[in-house]
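Worksheet: one structure, shown below.
Counting begins at 1 with the first residue of the sequence. This is a predicted model, so every value here is computed, not measured.
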Amino acid sequence: MSSRNTPQSFGSVTRSFHWLTALLILTAIPLGVIANRLPYDTAEGLATKAQLFSVHKTLGVAAFVVALARISWALVETRPAHLHPDRRAETVLAEVVHWLLYISLVMVPLTGWVHHAAVTGFAPILWPFGQTLPFVPQTESVAAAAGMAHWVFTKVLAVSILLHVAGALKHHIIDKDGTLRRMTRGAVAPANPQPHARSAMPLGVAFVIYVMGAAGAALLVPQTEAIAAIQPNTAAPTEATAGNWVVSEGSLNFGVLQMGQSVQGSFANWTAAISFDETPIDGKHGSVEVTIDTTSLTLGSVTNQAKGNDFFNIAAFPQAVFTADILAADTGYTAQGSLTLRGVDVPVTLPFALTITEGVAVMTGETTLDRRDFKMGAAYGDESSIGFPVTVSVSLVAKRG
């Protein structure tokens, strides 16, 4: 059995690529459809949904890698001749469908992968890589654009698969030729003595179809999201009037483990009233009061779940407040006080580093909370789905008022 193609047959490498790709895609597609339709209003439902999506994404990444290898192999290999070269229209259609399949096998998992990277890793990929991608910002706008493109391209893939299967069955049942047997058993079938001519026209047609699909996806994404997708996230806190320092920019982020992988969230709207002096008075360097708009929370594709009653419950508690005294520490400072969240008041200490240069202060700090202290996620009694620790990080730039 030859590993290479001939003008009359497909080699074992080509056939292995073909059936491995088919197995991956025909497993990943149903898993994605089922996972997408599953409810997630309970802890068990969310865990099941996340697990199915994890397997779906893992198979998708595998399909992407296999597709690249398969296309590379196809470009350098002999292409077995068509069994009916006189049927020009049928031959061209078959070539177009093949190129649609090839492009789909790259673009469908790639757009899904970009969507995953943009929503900070909900339902983690089970490979030891790929939770993030270079040049893919973790923003909802990029996720929306990639998600819509993924949705459109899956429809192109589905149609291509149906046409491909229909063509194979037509050859096997109606024409009764060796087309299908060449791919299943490596059978040698009669071929046109002329070598298979490669034409750019079917690839061009397939490319145009994909460009139209991409344009359609872009039109379906709201224009505001499309604009935001190409702009950096520069949301800054609203200036607070109290205190002797005015915050000009900053970020308030948090991270939690979801199925063993870090998921990152943030608050877009918050204010910080800061009083600070480098010379302490009664052992204190000042005080801080941070008011957080919990309705501005984003947490990837589970933002709505995080805003619900089990977690932040933004309908009943639209704000969280952190008040603290600023004290000196062995290295840097600490903000020692309490955080009121979901109506629960919990003592919190936030260590932070601070540099002040010509009246401009740059601060970065991080602390770890336990979601159970705030009665968050009571239905998630263990860490198999969602971890107990929540890492909170803050950074800001302030000017002396």
Would you confirm whether Thr6, through its side chain, and Ser9, through its main-chain N or O, come within 3.5 Å as a donor-acceptor pair? yes
Checking side chain to side chain contact (heavy atoms under 4.5 Å, CB included) for the pair Trp245/Ile356: CA distance, chi angles, key distance, verdict? CA-CA 12 Å; Trp245 290 84; Ile356 300 177; 4.1 Å; yes
Give the ring-plane orientation class for Trp73 versus Phe17, where under 30° counts as parallel, over 60° as perpendicular and anything between as tilted. tilted
Verify whether the ring centers belonging to Phe311 and Phe317 lie closer than 6.0 Å. no
Are there more than 12 heavy atoms of other residues, nucleotides or ligands under 6.0 Å from atom NE2 of His18? yes
Would you check, one step at a time, whether the test side chain to side chain contact (heavy atoms under 4.5 Å, CB included) holds for Tyr102 with Arg70? CA-CA 9 Å; Tyr102 283 151; Arg70 179 183 177 182; 3.7 Å; yes
Is the number of heavy atoms from other residues, nucleotides or ligands under 6.0 Å of Lys375 NZ greater than 12? no
Is the number of heavy atoms from other residues, nucleotides or ligands under 6.0 Å of Glu90 CD greater than 12? yes
Would you say Gln131's side chain and Ala117's backbone share a donor-acceptor pair under 3.5 angstrom? no
Take Ser251 and Ser395 through the side-chain hydrogen bond (donor to acceptor under 3.5 Å, both in side chains) test and state the conclusion after the steps. CA-CA 5 Å; Ser251 63; Ser395 64; 3.0 Å; yes
For Pro389, is there any backbone N or O sitting under 3.5 Å from a side-chain donor or acceptor partner on Arg371? no
Side chains of Asn5 and Thr14: do they bring a donor and an acceptor to under 3.5 Å? yes
Are Lys170 and Asp177 within salt-bridge range, i.e. N to O under 4.0 Å? no
Kindly indicate whether the side chain of Val290, heavy atoms from C-beta on, has any atom under 4.5 Å from the side chain of Ile292. yes
Can you tell me if His150 uses its side chain to pair, donor with acceptor, with the backbone of Val108 under 3.5 Å? yes
Would you say that Ile125 contacts Lys57 through its side chain, given a criterion of any heavy-atom pair below 4.5 Å between the two side chains? yes
If you round to the nearest 0.5 Å, how far is CG of Leu100 from CG of Leu93? 9.5 Å
Parallel, tilted or perpendicular: which fits the ring planes of Tyr333 and Phe352, with parallel below 30° and perpendicular above 60°? parallel
Is there a donor-acceptor contact under 3.5 Å from the side chain of Thr294 to the main chain of Pro318? yes
Would you find a donor on one side and an acceptor on the other, under 3.5 Å apart, between the side chain of Asn244 and the backbone of Phe276? yes
Tell me if the CG atom of Leu26 is crowded by more than 12 foreign heavy atoms within 6.0 Å. yes
So, Lys399 side chain and Gly359 main chain: donor-acceptor pair closer than 3.5 Å or not? no
Asp370/Arg372 ion pair, N-O < 4.0 Å: yes
Has Trp113 got a side-chain atom pairing as donor or acceptor with Gly130's backbone, closer than 3.5 angstrom? yes
Would you say that Val263 contacts Leu257 through its side chain, given a criterion of any heavy-atom pair below 4.5 Å between the two side chains? no
Are any side-chain N or O atoms of Arg342 and backbone N or O atoms of Phe374, one a donor and one an acceptor, separated by less than 3.5 Å? yes
Value rounded to 0.5 Å, distance of CD1 in Ile386 from CD in Gln305: 7.5 Å
Donor-acceptor contact present, side-chain Ser54 to main-chain Pro124, <3.5 Å: yes
